[in-house]
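Single-structure report; data block below.
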Amino acid sequence: MSRRYVVRTFGCQMNEHDSERIAGVLEADGMVPVDNEDDADVVVLNTCCIRENADNKLYGTLGWLKPWKDSAEGRQIVVAGCLAQKDRDTVASKAPWVDVVLGTHNVHRTAELVSESRMRGQIVEILDEAVLDDHALFPSALPAVRDASFNAWVTIQIGCDNHCAFCIVPKTRGDERSRPMDDIVAECRALAARGVREITLLGQIVTSYGRRDYVHTGGVTPFVQLLERVNAIAGIERI
């Protein structure tokens, strides 16, 4: 019998996008989605650390998940996302009944870590930066499970170099990196072929897209070049 999972997401569109990829990776591994924890074998909490009271919300949720886990053999709890990236071992020490803690740079490892923890016990795997030569760098390269068929999020840029005193994004998402333009356009074409009509381009600072990797052409920034190419795709009606 296939194992069942549910993903709960806290935070921004980037977290929602990561949750789509987590669901896609779990389903590619043979799991099936359910609507609530009572029917699930695995609960994934994809966390945010920017919204107010994010810590309290996570640890409060983990508190009521402990009896859920204890009530049936084989149940697992996964904590992912920005708060996991920031707190690292703190999550595991505060909630030792959590099975897997993973960060923002290894979403692609979710299914593997869930499987490994069934044999090895609790696993904490937090990478300091994304793997440059791996599909892990941009979550859009992973399979996805989307709630709607007409729209999709597409990652174009991750991280930030500004290091503002009030902002934790560089610590949780890493340095600024832009995804190759051809890869973005190819994904948008594939989405349009499947009936997607609305594309949301995601990044920490989308207007800084490509500033290191592409030149201005006739005064047109790389971000505008990307918009023009996506806009030219047949079937895409809204960006």
Side-chain angles (χ1 to χ4, degrees), residues 2 4-35 44-48 80-82 104-111 130-131 134-160 169 173-174 176-211 213-214 217 220-239:
S2 298
R4 300 157 297 178
Y5 78 91
V6 63
V7 180
R8 300 300 185 208
T9 308
F10 311 111
C12 66
Q13 293 95 328
M14 192 72 80
N15 287 67
E16 293 283 355
H17 186 42
D18 286 347
S19 290
E20 290 182 342
R21 304 301 163 173
I22 290 171
V25 167
L26 293 177
E27 292 194 20
D29 196 51
M31 292 192 192
V32 295
V34 292
D35 294 328
V44 181
L45 304 179
N46 191 20
T47 63
C48 172
C82 293
T104 57
H105 300 312
N106 55 342
V107 167
H108 66 296
R109 289 262 295 153
T110 304
V131 183
D134 192 82
H135 57 255
L137 180 57
F138 295 103
S140 282
L142 297 170
V145 175
R146 295 186 170 92
D147 291 333
S149 60
F150 64 88
N151 64 6
W153 289 313
V154 175
T155 303
I156 68 169
Q157 179 258 359
I158 59 173
C160 182
V169 163
R173 293 286 176 175
E176 179 184 305
R177 296 194 178 100
S178 294
R179 187 178 176 198
M181 194 178 300
D182 288 344
D183 290 357
I184 299 169
V185 174
E187 182 180 358
C188 291
R189 284 201 185 103
L191 290 168
R194 294 205 299 268
V196 169
R197 296 292 174 260
E198 178 179 295
I199 296 287
T200 301
L201 303 177
L202 284 182
Q204 302 301 148
I205 307 176
V206 291
T207 52
S208 71
Y209 170 78
R211 62 181 178 177
D213 308 300
Y214 299 98
T217 302
V220 179
T221 68
F223 181 58
V224 173
Q225 294 174 44
L226 175 64
L227 288 177
E228 291 174 343
R229 290 186 63 182
V230 175
N231 186 59
I233 296 172
I236 299 300
E237 298 174 2
R238 181 185 175 97
I239 303 169

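Everything numeric in this text was worked out from a predicted model, so none of it was measured.
- The shortest side-chain heavy-atom distance between Phe10 and Leu45 falls under the 4.5 Å cut-off.
- For the side chain to side chain contact (heavy atoms under 4.5 Å, CB included) test, residues two or more places apart in sequence or in another chain that qualify with Arg109 are Asn106, Glu112, Leu113, Glu116, Glu125.
- By the 4.5 Å heavy-atom criterion applied to side chains, Tyr5 and Asp29 are not counted as neighbours.
- Smallest separation of non-hydrogen atoms from Ser19 and Val7: OG-CG1, 3.7 Å.
- Closest approach of Arg21 and Val107 over heavy atoms only: CB-CG1, 4.1 Å.
- For Arg8, the side-chain hydrogen bond (donor to acceptor under 3.5 Å, both in side chains) partners at least two apart in sequence or on another chain are Glu37.
- Between atom CD of residue Glu20 and atom CH2 of residue Trp153 there is a gap of 5.5 Å, rounded to the nearest 0.5 Å.
- Atom CD of Gln204 and atom OG1 of Thr155 lie 9.5 Å apart (nearest 0.5 Å).
- Residues meeting the side-chain hydrogen bond (donor to acceptor under 3.5 Å, both in side chains) test with Arg4, sequence neighbours left out: Asp41.
- The closest donor-acceptor contact from the side chain of Gln157 to the backbone of Ile205 lies under 3.5 Å.
- The two atoms that bring Val154 and Leu191 nearest to each other are CG2-CD1, 3.6 Å, heavy atoms only.
- Within the structure, the salt bridge (charged side-chain N to carboxylate O under 4.0 Å, His left out) test picks out the following pairs touching residues 198-209 (sequence neighbours left out): Glu198-Arg238.
- Rounding to the nearest 0.5 Å gives a distance of 7.5 Å between CD1 of Ile239 and CD1 of Ile233.
- Proximity of Leu26 to Val44: side-chain heavy atoms (C-beta onward) are separated by under 4.5 Å at one or more points.
- Distance alone, capped at 3.5 Å, is enough to place a donor-acceptor pair between the Thr47 side chain and the Ala80 backbone.
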Pairs of donor and acceptor atoms involving the side chains of residues 220-231, under 3.5 Å and at least two apart or interchain, shall be tabulated with distances.
unit_1: Thr221; atom_1: OG1; unit_2: Val224; atom_2: N; d: 3.3
unit_1: Gln225; atom_1: NE2; unit_2: Val215; atom_2: O; d: 3.0
unit_1: Gln225; atom_1: NE2; unit_2: Val220; atom_2: O; d: 3.0
unit_1: Arg229; atom_1: NH1; unit_2: Asp182; atom_2: OD1; d: 3.0
unit_1: Arg229; atom_1: NH2; unit_2: Asp182; atom_2: OD1; d: 3.1

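- In this structure, Ile236 and Ile199 approach most closely via the heavy-atom pair CD1-CG1, 3.6 Å.
- Judged by distance alone, with hydrogens and angles left aside, the side-chain atoms of Asn15 form no donor-acceptor pair with the main-chain N or O of Thr9 at under 3.5 Å.
- Here Ile158 contributes atom CD1 and Glu176 contributes atom CD; the two are 10.0 Å apart, rounded to the nearest 0.5 Å.
- The shortest heavy-atom contact between Ser178 and Ser208 is OG-O, 4.4 Å.
- Between Cys82 and Cys48 the shortest heavy-atom distance is CB-CA, 4.3 Å.
- Between Ile156 and the choices Leu202, Ile184, Asp183, the side-chain contact (heavy atoms from CB on, under 4.5 Å) rule is met once, by Ile184.
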